[in-house]
Amino acid sequence: MTPLMDSTNRSKMRYADGDFNRAAEMREDTAWLDEQLASPLSRVYPIWQHRFLFSDDLAPLNLSPLDAREMVGLEQAVLLGVVEEIAYFSLDISHLLEDRLPARAYDLRDVAMHLSDQMAAMLAFGRGMSVWHQDHLHCGRCGTPTAVERAGHSRRCSNDLCGRMHFPRTDPAVITLVIDGERCLLAKRASLTIPRFSTVAGFVEPGETLEDAVRREVAEEVGVTTGAVQYRASQPWPFPSSLMMGFWARATDSRIKVDGEEISEAAWFTRDDICHGLQAETLILPPEDSISRRLVEDWRILPEGEIIRGLE
Ligand SMILES: [Zn+2]
């Protein structure tokens, strides 16, 4: 798979491109971790029921380790990374009552466009870790409670006879803009009451390649047959735990038949159709933080010849 976009000519992808050091080699260095969790320079981002806390002007709230320790303790702190020698952690405070929170909790997606690239990526990392921890309090093999290890980056089964280690999981998903000549296919989810049309997405199944997953999902959801598939870019999507891998795919049979369950409506759009739809407010594109939007916008601005070459 050769990505057509390179890092020099594309704008930043939300939740990706954080460009911070994850400091994976420090996760088992308990002396270093103790030092960071005692340093007033370190920053701890509380996360409450998968939401971060923000001030009224939408700056993410962070605490010194001392304040965080007083609030809930630091045993569950997750090392997110290091920036300019300052360690950043997230800390789950979900058990606190909402009226005890020092600031308002927001879902990351609702505020992500106000954050720096680095902060959006770091908080996305923290959100994904928080979801994983909450879903893995017990060993999936024997059911015994698990305990946090390695600065929050693994959990170990506390049953000595089992002792299985559990690592954060990411679910691979494909997301595809189907292209047919000068048209692209956009689909509306059945659950939406607004005219938001998006790309087609779904999870990769065990034993399946990404390209097979693209063709299967497109066929299942909108009934269109696709041939050539081109990888475009990927995006961490911790809502709750996916890695979205974005593709363009060329239709070989453009007849649409929606599944009627997940997708209620789908249609082919030219670039002009999209412009007119947006102006008339009969069409809403996917949210700006999503790779779905990116797949559509790239298609809208790239010259036709370049798109066709990529899908030959
Ligand atoms: Zn176990």
Side-chain angles (χ1 to χ4, degrees), residues 15 18 20-38 42 44-52 63 65 68-82 87-98 105 107-108 121-174 201-210 213 234-245:
Y15 316 121
F20 62 90
N21 173 13
R22 292 182 177 230
E25 72 285 3
M26 308 309 286
R27 292 171 188 165
E28 293 180 70
D29 188 334
T30 51
W32 182 86
L33 286 166
D34 287 347
E35 198 180 311
Q36 304 313 310
L37 287 171
S42 299
V44 181
Y45 288 82
I47 182 162
W48 182 79
Q49 300 188 5
H50 309 322
R51 290 186 269 167
F52 287 95
L63 302 171
R69 192 186 301 273
E70 276 182 9
M71 188 188 271
V72 293
L74 286 170
E75 293 73 24
Q76 308 287 321
V78 175
L79 175 66
L80 298 178
V82 175
Y88 288 77
F89 296 85
S90 61
L91 179 66
D92 203 300
I93 59 164
S94 295
H95 60 285
L96 295 184
L97 292 173
E98 190 166 9
D107 193 85
L108 183 56
M122 203 182 275
L123 296 188
F125 184 20
R127 189 186 196 282
M129 293 299 287
S130 132
V131 170
W132 175 72
H133 278 290
Q134 286 207 355
D135 287 352
H136 291 80
L137 299 175
H138 293 85
C139 176
R141 186 157 65 178
C142 77
T144 305
T146 54
V148 174
E149 289 191 337
R150 298 175 62 249
H153 289 269
S154 60
R155 299 185 72 98
R156 186 185 294 274
C157 174
S158 53
N159 171 3
D160 289 343
L161 296 173
C162 173
R164 189 180 181 118
M165 283 185 79
H166 299 271
F167 296 97
R169 59 173 287 172
T170 296
D171 301 322
V174 291
F203 289 108
V204 182
E205 295 185 348
E208 190 173 46
T209 65
L210 298 174
S234 65
Q235 181 185 39
W237 196 251
F239 309 103
S241 56
S242 298
L243 172 67
M244 306 302 290
M245 286 167 281

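The figures here come from the full heavy-atom set of this structure, side chains too, leaving out hydrogens, waters and symmetry mates. One-based numbering along the sequence shown. Whatever order the structure lists ligands and atoms in, that order sets their numbers, starting from 1.
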Q. Checking R22 against F125: charged group under 6.0 Å from the ring centre and within 45 degrees of the axis?
A.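 So R22 does make the cation-pi contact.
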Q: Answer yes or no: is there a donor N or O on one side and an acceptor on the other, between the side chain of W48 and the main chain of A105, under 3.5 Å?
A: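 Side chain of W48 to backbone of A105: no pair is present.
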Q: Please answer whether the main-chain N or O of E205 pairs with a side-chain N or O of E208 as donor and acceptor at a distance below 3.5 Å.
A: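 Here the side-chain-to-backbone pair exists.
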Q | Side chains of D171 and S242, donor plus acceptor under 3.5 Å | A |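 No, S242 and D171 have no side-chain donor paired with an acceptor closer than 3.5 Å.
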Q) What protein N/O/S atoms lie closer than 2.8 Å to the Zn ion (ligand 1)? A)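 Per the 2.8 Å query on the Zn ion (ligand 1), atoms found are C139 SG, C142 SG, C157 SG, C162 SG.
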For residues 141-148, dump all side-chain donor-acceptor pairs below 3.5 Å to protein atoms at least two apart in sequence or in another chain.
unit_1	atom_1	unit_2	atom_2	d
T146	OG1	H136	O	2.7
T146	OG1	L137	O	3.0
T146	OG1	R155	NE	2.8

**Q.** Residue of the set L80, V44, L123, L79 for which side-chain contact (heavy atoms from CB on, under 4.5 Å) holds with S90
**A.**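 Going through the options one by one, the only one that passes is L80.
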